[in-house]
Amino acid sequence: MSPAFYSSLEIMWKGMFGIFSVILIIMFLVMFIQWFEKIITSNKKEENQ
């Protein structure tokens with residue numbers, strides 16, 4: 001196989017890894033925001049009672 005093919009595979013896996021890592025970061029950020037929002041709303045309910 002030609003060196004250009006291996007070079008293109010190297011670029012492709014770096015791009016795929018970047019996309020995968022960004023998706024994971026966004027997923028964990030959304031999970032953290034939901035967890036934090038649940039804590040805030042439960043504290044407000046306790047204050048009102």
Checklist entry - Does a side-chain heavy-atom distance below 4.5 Å link Leu9 with Trp13? => result no
Checklist entry - How is the hydrophobic cluster of Met31 composed, in terms of its other members, when Ile, Leu, Val, Met, Phe, Trp and Tyr link through side-chain heavy atoms under 4.5 Å apart, directly or indirectly? => result Phe20, Leu24, Met27, Phe28
Next on the checklist: Could you see if Met16 belongs to whatever hydrophobic cluster contains Phe5? Use Ile, Leu, Val, Met, Phe, Trp, Tyr and a side-chain cutoff under 4.5 Å.
Outcome noted: yes
Next on the checklist: Angle between ring planes, Phe36 versus Phe32, binned at 30° and 60°: parallel, tilted or perpendicular?
Outcome noted: parallel
Next on the checklist: Going by side-chain hydrogen bond (donor to acceptor under 3.5 Å, both in side chains), name the residues that satisfy it together with Glu10, two or more places apart in sequence or in a different chain.
Outcome noted: Lys14
Checklist entry - Does Thr41 reach the main-chain N or O of Glu37 with its side chain, forming a donor-acceptor pair under 3.5 Å? => result yes
Next on the checklist: Rounded at 0.5 Å granularity, tell me how far CD1 in Ile23 sits from CD1 in Ile26.
Outcome noted: 7.5 Å
